[in-house]
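Just below is one structure, and these are the notes that go with it.
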2 protein chains.
Amino acid sequence: MALDDRKRMILQAIVEDYINTAEPVGSRNISKKSDINLSAATIRNEMGDLEEMGLLIQPHTSAGRVPSTGGYRLYVDSLMEKYEMTAAEIEEYKLATEAKQQELDKIVKDVAAAFSGITGLPVIGVLPSTEAGVVKNIKLVKIDSDTAMLIVSDKSGIIKNKLLKLKHDISDDFADQVTKILNESLSGLTISQINLSNIMEVQSVIGKNFEILASVMELVHQAVSEIDRKQIFVDGVSNIFRFPEYTNVEKVKELFGVIEDKDNLLKIITEAAPNTQTKVLIGDEIPITELKNNSIILAPYRLSETLTGVLGVLGPARMDYSKVISALEFFTQQLSMTLSKDFGEKKRQLLIEKGDE
Amino acid sequence: MALDDRKRMILQAIVEDYINTAEPVGSRNISKKSDINLSAATIRNEMGDLEEMGLLIQPHTSAGRVPSTGGYRLYVDSLMEKYEMTAAEIEEYKLATEAKQQELDKIVKDVAAAFSGITGLPVIGVLPSTEAGVVKNIKLVKIDSDTAMLIVSDKSGIIKNKLLKLKHDISDDFADQVTKILNESLSGLTISQINLSNIMEVQSVIGKNFEILASVMELVHQAVSEIDRKQIFVDGVSNIFRFPEYTNVEKVKELFGVIEDKDNLLKIITEAAPNTQTKVLIGDEIPITELKNNSIILAPYRLSETLTGVLGVLGPARMDYSKVISALEFFTQQLSMTLSKDFGEKKRQLLIEKGDE
DNA sequence: GTTAGCACTCAACAGCAAAGAGTGCTAATC
DNA sequence: GATTAGCACTCTTTGCTGTTGAGTGCTAAC
């Protein structure tokens, strides 16, 4: 059966009506729409066809129709119109994405929280894995007789730090010395390239204080590998209470179960995560059965060529894709601008050069 | 009316039955208990009396009775027996409270998460406000051309750090110099005593680079005041789904509303927070109307004489007070031991000395 | 090809009766 | 005088029933 323009138009009307009302859509309802001049009976025939094509689902005989995953997919891919943000929205979003913090993690989390507030949906964020970061500077700072801090900064401006519990007391000078050696041999490597063997190599450079150095280096290695860890966070979850699909506690519980299993969520998101484009996962396209009635929209933000993170939303499949996608892309773009310093400037320059051609 | 032993015994039986079953307790039910040899009719008379005394509530005429806030209060204050932990539990709790992290925040959060897992209840934690901490060491470390890190450690071992976005490039030497000056004039003060004027005083010590120094000091002041901020966190909230009192979404929503209003929660907890003893807030003793059917149990953990934090649980008023209190006290004790280094040692020494008398 | 009309389906809702848990009171019993 | 058996009464819970209404699919007319 062919999907002609009329069918597409009807499908679009059904999806949009369902997004607004959360109620199965009946033929009369669509027939009454000003831009569709067809009787309910005709619409009914078309709806029957659309159901046969797997784009609509009828919850029960005497109910209207609801979009299937396929229906939403078609809508998102080719029916939906791009949402044009109003000037007021742009102003609001700009204000919301202004960084009020210094640290990468906090900037991202702040922006994510603001995004959740604006869309009224739970948000998911993945902080850039630093493994791809290129070490610019490593510093070991003595703090206390048994404590030191390792500070690693990368080319794109990420700064991570980690406390080390020392087994021996060290002097400030010793820390400076270690700092110098670490920098000489590790800067320029990506963080994932730093492993115990090249840390230990460092060690052989100086012979004295071998034991102490060895234990410090062991700790440095540990710290670096912990710094490397990917992180996922979720915010604004209680937004789901706004939705009629969550008036049942069982559903809420299910969702919380999924959200609390951070490891699995991180795995799914990482696998699905887009490189450049926004990605929409609808219903059972999400490999978590509990989320078969939900959708996830993800978009990347970039700090540099290699360093990227992900921002996204999670909500009922019945969501305002067009508006949410616009907002998400605006937010990730702003976030990239805020976070990528060197990279961002380079890119802007490139754009200008291209514009000059 | 006098509260004789028999009434106390019956009240205890009712509270404990209700804690277990979550169902209003009837007279027959209590009469059947092996240690109470009274007919249902007698129990009924006593229950009538207990209700008149405001210790029990009857949801409706044909239902059993439920403890009132006052009933729980009496139970907690004088009926409940102290729960003796089994050896296996002690073992389990010890394992759960072992610190796997370095940083104060993470240790506390880890222990709190473990506590939530063990009690099956949402936990509340307040990190020690550092304002009472005595500055031991301040360090300004240059990281990048426009970034420096301020690291403040206090006598009891808390280490906090904060990034500063610099307006001028500074040298490592300059940072060292600032570090030296800061230490000379600020160490020994409590963090709350550090204010702009005594930071600025520092500034006048050296005349050169005045402008740069001024802007750095301004940032240092900002960083210190942010370091000072009290923090509250909540974990394991989805545990509430286990309770029949949360089968209604409205209730869940209400609870989430309360939990998400961190500022208010912090205020309430801080006001109620115990100095040394465990504190139990039951039902409408909590100044948040939405929590009138809940209880909060709080216990302090200590890093030093002045530095304390709070760990607690939040759950339905119908909770196993005896067991939860035992566990909470064990957890906060372990946490204090882990966190208080100097203080802990001193205290232990004192105990030993006293033991020698 | 489109539409009016109509029989049919099914969830949702209100009303009602029966069941069951528990009470308070009275009168008998220890 | 305290305790208890017995009984009428109350009120929620549950299950059943009929009604309503939204929506469909099909047929026949336009």
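Lettering of chains follows the sequences in order, A, B, ..., and the numbering in each one begins at 1. A quick note: this is a predicted structure, and the numbers were derived from the prediction, not measured. Scope of the values below: all heavy atoms of this structure, side chains included, with no hydrogens, waters or symmetry mates.
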Exercise for the section: Between protein and nucleotides 20-30 of chain C, map the contacts as a letter string: B base, S sugar-phosphate only, - none, heavy atoms under 4.0 Å, written 5' to 3'. Expected result: -BSBB------
Problem - A/Arg28 atom CZ: more than 12 heavy-atom contacts under 6.0 Å - result: no
Exercise for the section: Answer with yes or no after comparing the ring centroid distance for B/Tyr18 and B/Tyr75 against a 6.0 Å cut-off, counting only values under it. Expected result: no
Problem - B/Glu260 atom CD, over 12 foreign heavy atoms within 6.0 Å - result: yes
Practice task
Look at the side chain of A/Ser295 and the backbone N and O of A/Pro316, then say whether any donor-acceptor pair between them is shorter than 3.5 Å.
Solution key: no
Problem - Residues that A/Lys7 engages under side chain to side chain donor-acceptor pair (under 3.5 Å), provided they are two or more places apart - result: A/Glu46, A/Asp49
Practice task
Give a yes/no answer on whether the side chain of A/Thr42 brings an N or O atom under 4.0 Å of OP1 or OP2 in C/dT3.
Solution key: yes
Problem - Separation of atom NZ in A/Lys7 from atom P in C/dG1, rounded to whole Å - result: 11 Å
Exercise for the section: Determine, for nucleotides 12-18 of chain C in 5'-to-3' order, which nucleotides have protein heavy atoms under 4.0 Å from the base (write B), from only the sugar-phosphate (write S), or from neither (write -). Expected result: -------
Exercise for the section: Using whole Å, report how far CD1 of A/Ile30 lies from P of D/dG23. Expected result: 11 Å
Exercise for the section: Using atom types as modelled and distance alone, determine if a side-chain donor or acceptor of B/Ser322 lies under 3.5 Å from a backbone N or O of B/Glu81. Expected result: yes
Practice task
Decide side-chain contact (heavy atoms from CB on, under 4.5 Å) for A/Val234 and A/Leu265; before the verdict, give the C-alpha distance in whole Å, the side-chain angles of both, and the deciding distance to 0.1 Å.
Solution key: CA-CA 10 Å; A/Val234 176; A/Leu265 198 60; 3.9 Å; yes
Handout entry: Electrostatic pair A/Lys33:A/Glu16 at N-O distance under 4.0 angstrom
Key = no
